[in-house]
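All chains are named by letter (A, B, ...) in the order of the sequence lines, taking the proteins before the strands, and each is independently numbered beginning at 1.
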Amino acid sequence: ETGVTQSPTHLIKTRGQQVTLRCSSQSGHNTVSWYQQALGQGPQFIFQYYREEENGRGNFPPRFSGLQFPNYSSELNVNALELDDSALYLCASSPYGGSDEQFFGPGTRLTVL
Amino acid sequence: DAKTTQPNSMESNEEEPVHLPCNHSTISGTDYIHWYRQLPSQGPEYVIHGLTSNVNNRMASLAIAEDRKSSTLILHRATLRDAAVYYCILRDGSNYQLIWGAGTKLIIKP
């Protein structure tokens with residue numbers, strides 16, 4: 001059974017650019033959640049996708065958007081990058097709407113210069 | 001959103017039990033208590049969760065106060081591999097969102 005994978009592992013962008021991060025969920029999981037983790041802090045919930053629909057959103061502006069595909073993989077898109085967007089972006093998958101255990105990927109480290 | 005409060009760090013000796021406290025005085029009746037841990041340079045890993053009753057699994061035990069305003073994660077016999085940041089998290093039972101705090105950095109001394 002393949003775990004949650006994320007790509008790329010590291011990324012460097014400049015302010016104002018756009019970025020797309022990708023996540024492949026664990027086999028059989030139909031729910032994907034995205035988190036932003038700044039250095040030294042706990043993860044902050046961005047949004048969750050369940051069966052290709054957004055199923056909850058945290059306190060992030062609209063320039064953070066996402067997609068979930070029929071195979072339940074997911075993308076996180078961030079437009080108009082700001083310096084404060086530099087963080088580790090984590091993807092977690094779970095079965096049946098994410099009620100219990102969430103399985104996390106290793107994350108994508110985004111640096112905005 | 002209900003929040004959690006944890007000590008910034010704790011130290012323990014290898015092969016001894018560890019009790020990690022968490023306060024959540026504003027918890028609501030539908031909030032579940034989850035614990036995750038994050039080893040260096042890795043994504044978080046689920047440890048345990050509960051609602052009202054104490055819970056046990058192969059990794060740890062979760063003791064929940066009767067008024068649910070606090071809980072304690074118990075590692076029965078800590079090893080060096082248990083050194084990590086431990087997060088006590090409340091999950092809103094109506095929307096499955098996890099609200100994370102800053103966590104407790106657990107240091108295990110050999």
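- Heavy-atom minimum distance, B:Tyr87 versus A:Gln41: OH-O, 3.6 Å.
- Counted within 6.0 Å of CZ on A:Arg51, heavy atoms from surrounding residues, nucleotides or ligands total 12 or fewer; the atom is thus considered open.
- Hydrophobic clustering keeps A:Val4 apart from A:Tyr89 (ILVMFWY residues linked when any side-chain heavy atoms are closer than 4.5 Å, directly or through intermediates).
- Residue A:Asn71 places its CG atom among more than 12 non-hydrogen atoms of other residues, nucleotides or ligands, all under 6.0 Å distant.
- When every heavy atom of A:Leu90 is checked against every heavy atom of B:Pro44, the shortest pair comes out as CD1-CD, 3.8 Å.
- For B:Tyr36 and A:Phe104, the distance between ring centers is under 6.0 angstrom.
- Taking chain A as the reference chain and counting heavy-atom pairs below 4.5 Å, the highest number among B:Gln38, B:Gln42, B:Lys105, B:Glu45 is found for B:Gln38.
- With a threshold of 4.5 angstrom between heavy atoms, A:Gln6 does not approach chain B through any atom at all.
- Linking ILVMFWY side-chain heavy atoms closer than 4.5 Å, directly or via other members, places B:Leu80 and B:Val47 in a single hydrophobic cluster.
- In terms of heavy atoms, B:Leu98 sits closest to A:Tyr35 at CD1-OH, 3.5 Å.
- Using a 4.5 Å cut-off between heavy atoms, A:Arg57 contacts chain B through its backbone alone, with no side-chain atom that close.
- Atoms NE2 and CD, on B:His34 and A:Gln102 in that order, are 8.0 Å from each other to the nearest 0.5 Å.
- Under the 4.5 Å side-chain heavy-atom criterion for ILVMFWY residues, a single connected hydrophobic cluster contains both A:Leu76 and A:Val19.
- Looking only at heavy-atom pairs under 4.5 Å with chain B, the residue among A:Pro43, A:Pro106, A:Gly107 that has the most is A:Pro43.
- No continuous path of ILVMFWY side-chain contacts below 4.5 Å connects A:Phe103 to B:Tyr46, so the two sit in separate hydrophobic clusters.
- For B:Asp67, the CG atom counts as densely surrounded, since its 6.0 Å shell holds more than 12 non-hydrogen atoms of other residues, nucleotides or ligands.
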